[in-house]
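Please read all numbers here as calculations on a predicted model, not as lab measurements. Below, read A as the first sequence line, B as the second, and so on, with proteins coming before strands; counting in each chain starts at 1.
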Number of protein chains: 2
Amino acid sequence: MNIGDASEKTGLPAKTIRYYEDIKLVKPSRASNGYRDYADEDIHRLAFLQRSRSLGFTIEECRVLLSLYQDKDRASADVKALALEKVDEIDRKLKELKSLKSTLKSLADHCHGDDRPDCPIIDDLAAELAVKR
Amino acid sequence: MNIGDASEKTGLPAKTIRYYEDIKLVKPSRASNGYRDYADEDIHRLAFLQRSRSLGFTIEECRVLLSLYQDKDRASADVKALALEKVDEIDRKLKELKSLKSTLKSLADHCHGDDRPDCPIIDDLAAELAVKR
DNA sequence: GTAAGGCTTCCAGCAGCAGGAAGGTCAACA
DNA sequence: TGTTGACCTTCCTGCTGCTGGAAGCCTTAC
């Protein structure tokens, strides 16, 4: 199966698939004309990668997940730990974004937003200096 | 004022300050020995950058904000628009992260997480293929 | 005089690809 | 048989926003 079909089947751009080969996440064989030839197992791995990447796992985490996936004797606890760690990470990001949003929102709410130049947002951005002077 | 002091006053690493000069966000003068020499106005700009970056504005947005800051006649509406756009962006990210989290969480909740190899997380990551076959 | 710390420039690298150039290959059609 | 157009190949560059490190001045204190 050529890279175009692999791309269609997995939803990954061809560029990405070649990149994954570059960093040794997949190792497709080659046809006699030099084209990459994807077996079912390769497609499987690529689809796995697509799923785990879209769940927010980094490439290196995906590498671990793949090896856990390959290892028929691994404990499910190992996988669960990775997933929960990721949940924690997402939680931290959520908190950060929420506080960011409320700060920005309250700044914007206090700005009258018309054609006068007076603007509390800009004032706030510049304010820090006054404290430190 | 040397870069070290500028760093301390603004909370930005020296490396970052040099980078900001590289991309023309600040233009400090030079002392006779070749050292960068930061005037109050430079420090002001750097502090402004520190604040706006920490609020999640990209470098290019910061560039716009700085020019709006410099422009005494600009409408506050311009600034407000940028801020609100950013709030929207944050909202989109929040949504995405929330759904990501709930997916991961429910996957993890269904995994018994012991030393048996059976694991619904891995199964789910691999599941996509079955559909497409 | 010398040692420690600060400063300079320049080069490389991180994640995770995307875009593009230059060229080989294949299938279909005239 | 020739040719078009779609697909494939490799290789190189660039994106964001810095960070680390090497090699080499400058300054300050003892």
Whole angstroms only, please: what is the [atom1]-[atom2] distance between [X] and [N]?
{"X": "Asp22(A)", "N": "dT10(D)", "atom1": "CG", "atom2": "P", "value": "9 Å"}
{"X": "Arg30(A)", "N": "dC7(D)", "atom1": "CZ", "atom2": "P", "value": "19 Å"}
{"X": "Ile3(A)", "N": "dC17(C)", "atom1": "CD1", "atom2": "P", "value": "14 Å"}
{"X": "Asp37(A)", "N": "dT25(C)", "atom1": "CG", "atom2": "P", "value": "17 Å"}
{"X": "Met1(A)", "N": "dC7(D)", "atom1": "CE", "atom2": "C1'", "value": "16 Å"}
{"X": "Tyr38(B)", "N": "dC7(C)", "atom1": "OH", "atom2": "C1'", "value": "11 Å"}
{"X": "Ile23(A)", "N": "dG16(C)", "atom1": "CD1", "atom2": "C1'", "value": "8 Å"}

For residues 15-28 of chain B, please give each side-chain donor-acceptor pair under 3.5 Å, one per line with the distance, not counting sequence neighbours.
| unit_1 | atom_1 | unit_2 | atom_2 | d |
| --- | --- | --- | --- | --- |
| Glu21(B) | OE1 | Arg36(B) | NE | 2.5 |
| Glu21(B) | OE2 | Arg30(B) | NH2 | 3.3 |

**Asked** Looking only at side-chain N and O atoms, does Arg18(B) come under 4.0 Å of OP1 or OP2 in dT9(C)?
**Response**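 For dT9(C), OP1/OP2 do not have a side-chain N/O of Arg18(B) under 4.0 Å.
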**Phosphate contact (dT10(D) OP1 or OP2) by Arg36(A) side-chain N/O below 4.0 Å** =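 Yes, within the criterion.
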Considering only NZ, NE, NH1 and NH2 on the basic side and carboxylate oxygens on the acidic side, decide whether [X] and [Y] come within less than 4.0 Å.
{"X": "Asp91(A)", "Y": "Lys95(A)", "value": "no"}
{"X": "Lys93(B)", "Y": "Glu96(B)", "value": "no"}
{"X": "Asp5(B)", "Y": "Lys9(B)", "value": "no"}

**Item:** Evaluation steps, side-chain contact (heavy atoms from CB on, under 4.5 Å), between Leu65(A) and Phe48(A)
**Value:** CA-CA 9 Å; Leu65(A) 282 172; Phe48(A) 188 101; 3.9 Å; yes
**Request:** Would you kindly say whether Tyr38(A) and His44(A) are connected by a side-chain donor-acceptor distance under 3.5 Å?
**Result:**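 There is no such pair between these side chains.
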**Message:** Strictly under 4.0 angstrom, non-hydrogen atoms only: write out the protein contact profile of nucleotides 17-30 of chain D, one letter per nucleotide from the 5' end, B, S or -.
**Reply:** BBSBB----BS---
